Amino acid sequence: MLSLARFRNRAGDIGKPLPCPFPAFDFENIRMRHGATSMIAGQPGSFKSVLALNMLVQWSALGQKAMYFSADSDEFTVARRIAGIITDIDQGAVEAGFSAGPSMIKTSTLFDALATVRDARFEYRTMEIDDIASR
């Protein structure tokens with residue numbers, strides 16, 4: 001458990017705004033911050049995960065560390081989406097590229113794209129709040 005009395009020892013970048021991933025966020029004064037947990041909520045199929053992964057890709061390109069928790073995605077889905085975001089290749093082609101079947105895309109191209117998101121960490125299992133805090 002953390003104490004505000006010890007905040008001075010942990011302060012560093014806590015609370016400092018992360019780089020803005022999209023101009024629309026700046027326009028609306030939306031800020032994600034270092035050391036904060038942010039949740040994106042909405043209806044099913046409203047591209048919440050795609051938004052979060054695009055933000056993660058943007059921050060990773062700037063050397064920012066991030067942790068992505070997904071309650072509804074598996075490792076393959078996240079890898080497929082991120083590879084598509086980075087390479088601008090549609091999801092069907094990315095999926096074919098990762099599979100053993102014939103593809104117009106070299107699998108190495110997709111793995112090279114994933115390697116650019118080196119400062120991101122992903123968690124796919126159900127976790128208690130204490131588990132998240134200790135990460």
Side-chain angles (χ1 to χ4, degrees):
M1 178 158 307
L2 303 177
S3 162
L4 287 177
R6 292 202 229 158
F7 176 72
R8 172 184 280 177
N9 299 333
R10 296 188 311 274
D13 285 339
I14 291 176
K16 178 181 170 188
L18 287 162
C20 186
F22 306 111
F25 281 22
D26 256 347
F27 182 76
E28 294 293 335
N29 203 26
I30 297 169
R31 302 278 184 263
M32 305 292 173
R33 299 183 178 277
H34 286 269
T37 301
S38 300
M39 180 187 298
I40 300 171
Q43 296 177 351
S46 60
F47 298 94
K48 300 173 298 291
S49 296
V50 173
L51 172 65
L53 291 172
N54 271 280
M55 292 165 57
L56 185 135
V57 167
Q58 296 276 342
W59 289 327
S60 185
L62 297 171
Q64 300 292 314
K65 293 185 180 197
M67 186 173 228
Y68 177 83
F69 293 89
S70 177
D72 64 349
S73 291
D74 55 46
E75 187 173 13
F76 179 76
T77 301
V78 170
R80 179 175 49 87
R81 287 176 174 170
I82 288 180
I85 290 166
I86 293 170
T87 62
D88 201 27
I89 297 170
D90 74 75
Q91 295 296 294
V94 170
E95 185 165 346
F98 278 136
S99 73
S103 174
M104 301 292 288
I105 302 167
K106 292 183 180 179
T107 305
S108 62
T109 300
L110 301 173
F111 285 118
D112 289 348
L114 295 178
T116 67
V117 189
R118 64 186 168 276
D119 289 325
R121 300 292 176 258
F122 302 88
E123 190 62 58
Y124 305 102
R125 66 183 176 89
T126 302
M127 299 178 79
E128 300 295 326
I129 193 69
D130 290 339
D131 293 331
I132 295 169
S134 69
R135 300 272 175 175

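It should be emphasised that the depicted structure is a prediction, and the values quoted were computed from it without experimental measurement. Hydrogens, waters and symmetry mates play no part in the numbers below; they use all other heavy atoms, side chains included.
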Undergrad: When you compare the side chain of H34 with that of Q64, does any pair of heavy atoms fall below 4.5 Å?
TA: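 Side chain of Q64 against side chain of H34, heavy atoms only: contact under 4.5 Å found.
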
Undergrad: How long is the straight-line distance from CG of L110 back to CD1 of I86, given to the nearest 0.5 Å?
TA: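 It is 10.0 Å, given to the nearest 0.5 Å.
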
Undergrad: Rounded to the nearest 0.5 Å, what separation is found between the CG atom of D74 and the CZ atom of R80?
TA: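 Result: 8.5 Å between the selected atoms.
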
Undergrad: Using 0.5 Å steps for rounding, measure from the OG1 atom of T116 to the CZ atom of F111.
TA: 13.5 Å

Undergrad: Check the hydrophobic clustering (I, L, V, M, F, W, Y; side-chain heavy atoms under 4.5 Å; chains of links allowed) and say if L56 and V50 are grouped together.
TA: no

Undergrad: Which heavy atom in T107 sits nearest to a heavy atom in G97, and how many Å separate them?
TA: OG1-O, 2.8 Å

Undergrad: Provide the closest heavy-atom pair for L62 versus P19 in the form atom of the first, atom of the second, distance.
TA: CD1-CB, 3.6 Å

Undergrad: Treat each ILVMFWY residue as a node, draw an edge where side-chain heavy atoms are under 4.5 Å apart, and state whether F76 and I82 are in one component.
TA: yes

Undergrad: What are the two closest non-hydrogen atoms of M32 and S38, and how far apart are they?
TA: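 Answer, listing the atom of M32 first, then S38: SD-OG, 3.2 Å.
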
Undergrad: Within the 3.5 Å criterion, strictly below it, is a donor on R81 or Q91 matched to an acceptor on the partner's side chain?
TA: no

Undergrad: Measuring from F25:CZ to Q58:CD, what's the distance to the nearest 0.5 Å?
TA: 10.5 Å

Undergrad: Search all heavy atoms of K48 against all heavy atoms of A41 and return the closest pair with its distance.
TA: CD-C, 3.5 Å

Undergrad: May I ask you to check whether over 12 heavy atoms, not counting those of D90, lie within 6.0 Å of atom CG?
TA: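 Enclosed: over 12 neighbouring heavy atoms sit under 6.0 Å from CG of D90.
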
Undergrad: Could you tell me if the side chain of F47 sits less than 4.5 Å from the side chain of L53, heavy atoms only?
TA: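 The answer is no, as the side chains (C-beta and beyond) never meet within the 4.5 Å cut-off.
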
Undergrad: What are the two closest non-hydrogen atoms of V94 and I89, and how far apart are they?
TA: CG2-O, 3.6 Å

Undergrad: Any side-chain donor paired with an acceptor under 3.5 Å for T109 and D112?
TA: no

Undergrad: Starting at CE of M55, measure out to CD1 of I40 and round the result to the nearest 0.5 Å.
TA: 5.0 Å

Undergrad: Could you report the tightest heavy-atom contact between T87 and A113, atom names first, then the distance?
TA: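 T87 and A113 have their closest heavy atoms at CG2-CB, 3.7 Å.
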
Undergrad: Any chance you could measure N54, atom CG, to W59, atom CH2, to the nearest 0.5 Å?
TA: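 CH2 of W59 is found 11.0 Å from CG of N54.
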
